[in-house]
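In what follows, a structure is listed as structure tokens, so that the remarks can point back to it.
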2 protein chains.
Amino acid sequence: MSNDLTQTDRSRLRRFHELGAHDRATIHAILDAEPNCTVAYVMDGAPYLTPTLQWRVGERIYWHGSSASRAIKAGKGHRVCLNVTIVDGWVMARSGFNHSVNARSVTLFGMAEVVPEDQKAAHLTAFIEGMWPGRTSVLRPIQPQELKATTLLSMPIAEGSAKVRQGPPQDEPEDYALPIWAGVIPTARSVETPIPDARNLGGLEPPEHITAFCARGRS
Amino acid sequence: MSNDLTQTDRSRLRRFHELGAHDRATIHAILDAEPNCTVAYVMDGAPYLTPTLQWRVGERIYWHGSSASRAIKAGKGHRVCLNVTIVDGWVMARSGFNHSVNARSVTLFGMAEVVPEDQKAAHLTAFIEGMWPGRTSVLRPIQPQELKATTLLSMPIAEGSAKVRQGPPQDEPEDYALPIWAGVIPTARSVETPIPDARNLGGLEPPEHITAFCARGRS
């Protein structure tokens with residue numbers, strides 16, 4: 001399957017729709033649509049990667065983790081690679097080789113910078129507000145020891161690229177004559193009905209920032 | 001948010017359900033449920049990562065890419081790190097700090113070995129059959145130049161771990177007294193109605209391997 005989204009071989013690029021869409025608007029839209037990401041870093045010469053969450057503020061990307069985590073310690077001040085991939089469907093072609101994945105993906109490179117102590121609380125608040133506007137105003141405030149236990153890293157959105165593959169299979173010209181069903185099986189991440197914590201106090205209903213998030217139907 | 005799934009700090013492990021489920025059955029189930037993965041590798045001392053697809057045969061994991069791709073060339077015979085993460089929901093706690101992500105994640109480490117030429121076709125067939133049983137029998141056969149253009153890598157499932165976080169938020173004991181709505185917003189990847197290629201020959205209907213895949217409802 002032609003699933004290697006970082007593939008840059010020109011003979012394959014031909015067959016992809018819009019692959020190599022490097023513009024910032026595409027990168028921003030993908031980052032804003034999907035907080036889940038993976039961050040790769042190097043420790044003792046070996047590659048590691050960690051799933052985490054990212055958020056964007058202008059031309060910078062942020063992520064965070066426990067100050068004690070190996071991934072955060074290895075990232076600080078070092079080169080990292082961050083990827084967000086949104087899978088949109090399975091592309092069923094007339095040959096195995098031309099099977100593919102419809103996806104939107106961003107890969108960024110850079111040096112992970114530590115967000116200064118006095119800016120951490122504001123950034124963490126912005127992160128949660130970005131996902132669920134209004135939530136932080138109902139939460140118990142951040143405690144100093146929680147801030148201390150959390151490290152925020154960031155880097156400029158400067159090096160990297162977006163790769164977008166959408167649309168039908170791209171088969172070899174002669175394969176279109178074959179009686180083989182081809183097409184796309186779309187996939188999407190759905191948001192389902194919220195499950196209240198059994199320990200919620202009586203009478204609490206999901207606030208508007210929760211119901212609105214669920215009504216949007218995609219996370 | 002407590003989203004750092006590779007976090008091993010003991011004070012945080014306490015608060016996670018089932019985190020650190022290292023057993024093979026858990027690892028196999030996660031790998032088998034989600035072909036999408038990211039692979040990290042090191043090139044000139046810097047970390048890179050590539051989204052791709054993985055499949056499992058017994059105690060080995062396989063992935064593939066264009067023989068010309070940078071990621072494949074950098075992986076061959078070198079250490080890689082491979083991660084599969086299935087996001088199951090947003091965990092809405094009573095403090096920002098205890099917000100989390102319900103997820104199943106596997107991270108594997110190892111040396112990427114090249115699958116010998118004479119085994120490639122059988123492995124690629126097994127990969128497609130694993131997802132859509134019966135599909136390869138209706139496809140146009142693999143061509144020698146397609147096999148040549150594709151490199152398969154594999155490694156034993158030997159080093160690594162699974163991390164599983166499920167269930168309600170784990171708040172600080174005193175926070176349960178607060179009138180804050182907490183709970184889980186479940187998310188899932190849905191499979192939607194297949195879109196036939198406009199260039200399909202007349203009269204072709206989606207075969208059983210497509211309708212069964214869609215009926216299972218999750219990819």
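In what follows, every chain begins at residue 1, and chains take the letters A, B, ... in the order their sequences are listed. When reading the values below, keep in mind they use all heavy atoms of this one structure, side chains included, and skip hydrogens, waters and symmetry mates.
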Next on the checklist: Which atoms of A:Leu139 are under 4.5 Å from chain B, going by heavy atoms: the side chain, the backbone, both sets, or neither?
Outcome noted: both
Options [options], ranked by heavy-atom pairs under 4.5 Å with chain A, top entry:
options: B:Ala182, B:Ser95, B:Ala40, B:Ala46; result: B:Ala182
options: B:Thr125, B:Val39, B:Ile210; result: B:Ile210
options: B:Pro206, B:Pro179, B:Ala198; result: B:Pro206
options: B:Arg94, B:His78, B:Glu205; result: B:Arg94

Next on the checklist: Please classify the contact between B:Leu204 and chain A as side chain, backbone, both or neither, with a heavy-atom cut-off of under 4.5 Å.
Outcome noted: both
Checklist outcome for this item: Applying a strict 4.5 Å limit to non-hydrogen atoms, the region of B:Gln143 in contact with chain A is neither
Item to check | Residue pair B:Ile180 / A:Asn200: nearest heavy atoms and the distance that separates them | outcome: O-OD1, 3.8 Å
Distance in Å, [X] [atom1] paired with [Y] [atom2], rounded so as to fall on 0.5 Å steps:
X: B:Phe97; Y: A:Leu147; atom1: CZ; atom2: CG; answer: 9.5 Å
X: A:Arg199; Y: B:Gln170; atom1: CZ; atom2: CD; answer: 8.5 Å
X: B:His209; Y: A:Trp181; atom1: NE2; atom2: CH2; answer: 8.0 Å

For a 4.5 angstrom cut-off between non-hydrogen side-chain atoms, does [X] reach [Y]?
X: A:His99; Y: B:Leu124; value: no
X: B:Asn36; Y: A:Thr85; value: no
X: A:Pro47; Y: B:Pro47; value: no

Among [options], which residue has the highest count of heavy-atom pairs closer than 4.5 Å to chain B?
options: A:Thr193, A:Leu178, A:Asp175, A:Thr136; answer: A:Asp175
options: A:Gly45, A:Ala177, A:Gly183, A:Cys81; answer: A:Cys81
options: A:Ala93, A:Gly89, A:Gly202, A:Gly203; answer: A:Ala93

Item to check | Heavy-atom donor-acceptor pair, B:Asp197 side chain to A:Pro168 backbone, under 3.5 Å | outcome: no
Item to check | Side-chain donor or acceptor of B:Ser190 paired with backbone N/O of A:Ala188 under 3.5 Å | outcome: yes
Next on the checklist: Just to verify, which of B:Pro194, B:Cys214, B:Pro35 counts as forming a side chain to side chain contact (heavy atoms under 4.5 Å, CB included) with A:Trp90?
Outcome noted: B:Pro35
Next on the checklist: Pair B:Trp132, A:Ile185 - check side-chain contact (heavy atoms from CB on, under 4.5 Å), show working.
Outcome noted: CA-CA 12 Å; B:Trp132 304 285; A:Ile185 304 173; 4.0 Å; yes
Item to check | Verdict with reasoning, A:Asp171 to B:Arg140, per salt bridge (Lys or Arg N to Asp or Glu O under 4.0 Å) | outcome: CA-CA 11 Å; A:Asp171 274 304; B:Arg140 181 266 279 162; 5.9 Å; no
